[in-house]
Protein chains: 2
Amino acid sequence: MHFTSETSANGVIERNFTLGEITGVLWSPASRTVGAPLLLSGHSGGMHKKAPGLVAGALHCVTTYGYTVAAIDAPGHGDRPRNTQDRRWGDAIHRARAAGEPIAPIVIDYNASLAERAVPEWQATLDALQALPEIGADAPVGYGGMTLGVVTGLMLATVEPRIAALSIGAVFVDDALIETARKITVPIEYRIPWDDEYIDRRAGLALFDAFGSREKTLHAHPGGYTQVPEYERDSSARFFARHLRRDGATPA
Amino acid sequence: MHFTSETSANGVIERNFTLGEITGVLWSPASRTVGAPLLLSGHSGGMHKKAPGLVAGALHCVTTYGYTVAAIDAPGHGDRPRNTQDRRWGDAIHRARAAGEPIAPIVIDYNASLAERAVPEWQATLDALQALPEIGADAPVGYGGMTLGVVTGLMLATVEPRIAALSIGAVFVDDALIETARKITVPIEYRIPWDDEYIDRRAGLALFDAFGSREKTLHAHPGGYTQVPEYERDSSARFFARHLRRDGATPA
């Protein structure tokens with residue numbers, strides 16, 4: 001893991017890093033705390049490691065809860081080159097949207113391909129993060145994400161026992177994702193949009209139903225998937241506090 | 001409003017009161033704050049103003065958030081006499097449950113009758129509470145409830161503009177309640193059990209869909225309606241903080 005920049009503002013240290021082909025960013029509290037929860041944050045399809053919503057959530061987690069948060073660009077996203085096949089998928093989504101045709105089938109295939117490639121990258125990133133003295137191997141690890149970041153996180157959690165809790169948002173649901181969900185056993189918080197133009201409400205409820213976790217909670221909010229209410233940001237941070245903090249304390 | 005007892009423990013003053021035939025209880029912070037939110041708390045059918053879950057939620061709201069919380073016995077519940085018709089309904093529910101027959105139709109009729117009688121009682125109670133110098137007419141008012149307390153609260157909110165926010169749990173849903181829900185416009189938080197023996201999941205989702213509120217949030221949790229996770233208690237208090245606190249601040 002090679003840090004390429006370090007800046008600091010409002011008590012948060014932001015470091016960009018590369019790890020082989022992976023480009024990522026790490027946000028840490030200026031008052032570094034060994035053993036504080038580490039959150040992995042997966043961006044939406046078409047976005048990148050510094051998507052505005054992701055950054056807002058990360059900064060809230062660092063400043064209010066003292067967590068460390070890491071995000072990496074998905075393959076072909078952000079600072080990473082796009083291959084020919086990824087470019088074709090992107091074009092197909094763009095064309096379908098412009099023509100008013102369903103984008104879900106294309107997005108589902110594209111996401112599955114990206115997530116499959118991203119899972120070993122997240123594992124390598126996690127190895128490198130845990131090797132940092134200010135994080136360490138004992139820091140409890142959670143994962144949060146939206147759309148593409150959800151597919152990646154669920155696939156990651158089925159093969160990676162270090163992921164101890166998941167807080168996820170909207171996602172296109174297909175049979176493969178339902179099968180993946182059945183294998184999830186860690187605590188999960190799942191936010192769904194109630195009135196989304198593209199993402200079906202019933203499919204979202206079916207996904208919640210499929211999660212194998214004993215501790216699972218569903219939050220539905222009005223509007224589309226980009227209209228996640230701001231209070232859900234704090235709800236997610238508190239969810240991680242409940243499940244990842246060693247002292248068991250949720251900040252009052 | 002006539003206070004019949006006053007005790008104090010752990011920073012909370014508990015006062016029992018009567019108001020005509022109504023029997024109630026008021027929990028206030030020992031450090032009384034004029035203008036702090038006032039929460040009205042409606043108990044489940046068959047329970048009473050000091051149902052364990054209700055008391056736990058009330059004490060959490062008073063000690064952690066400085067709210068004042070009031071609860072009254074529904075007609076024929078707690079310290080209040082039961083009339084012949086109420087006794088018949090109670091017996092019918094008991095028999096149906098013992099025989100493994102559906103209780104929903106009986107509960108729905110019984111709840112509607114109780115709620116209709118409870119609405120003017122809550123309004124009279126609210127008048128009396130707002131006349132207390134330590135509460136005052138300007139305190140923002142929220143309402144929370146379970147089952148019977150939900151039916152009562154929704155009916156109350158449609159006729160009582162002083163109710164500024166609602167945080168409710170599981171309830172049997174019929175067409176009349178759906179119609180009532182359409183008239184609700186204040187912010188609402190609604191918790192549903194995902195696997196309840198008696199309360200249908202789809203009916204719960206239909207009720208959420210029906211709420212006319214622009215700001216509404218649905219929380220689903222595994223298990224039955226009595227198994228509300230403890231963290232939902234704080235979520236509810238924070239919901240009220242978002243919508244009732246004059247300074248707009250949610251305690252961190």
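Chain letters run A, B, ... following the sequence lines, proteins first, then strands; residues in each count from 1. Values in this document were obtained by computation on a predicted structure and should not be read as measured data.
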**Asked** Which heavy atom of Tyr231(A) sits nearest a heavy atom of Lys216(B), and at what distance?
**Response** OH-O, 4.5 Å
**Asked** By ring pair (Phe, Tyr, Trp, His ring centres under 6.0 Å), which residues pair with Trp194(A), not counting sequence neighbours?
**Response** Phe208(B)
**Message:** With a strict 4.5 Å heavy-atom criterion, list every residue of residues 157-183 of chain A that contacts chain B, or say none.
**Reply:** none
What's the separation between atom [atom1] in [X] and atom [atom2] in [Y], rounded to the nearest 0.5 Å?
X	Y	atom1	atom2	result
Arg242(B)	Asp234(A)	CZ	CG	9.0 Å
Leu218(B)	Arg191(A)	CG	CZ	13.5 Å
His219(B)	Thr217(A)	NE2	OG1	6.5 Å

**Asked** Can you tell me if CD on Glu230(A) sees more than 12 non-hydrogen neighbours from other groups inside 6.0 Å?
**Response** no
**Prompt:** For Ile192(A), is it the side chain, the backbone, both, or neither that has a heavy atom closer than 4.5 Å to a heavy atom of chain B?
**Reply:** neither
**Residues Arg201(A), Asp209(B); criterion side chain to side chain contact (heavy atoms under 4.5 Å, CB included); working and verdict** = CA-CA 11 Å; Arg201(A) 182 194 297 172; Asp209(B) 204 40; 3.2 Å; yes
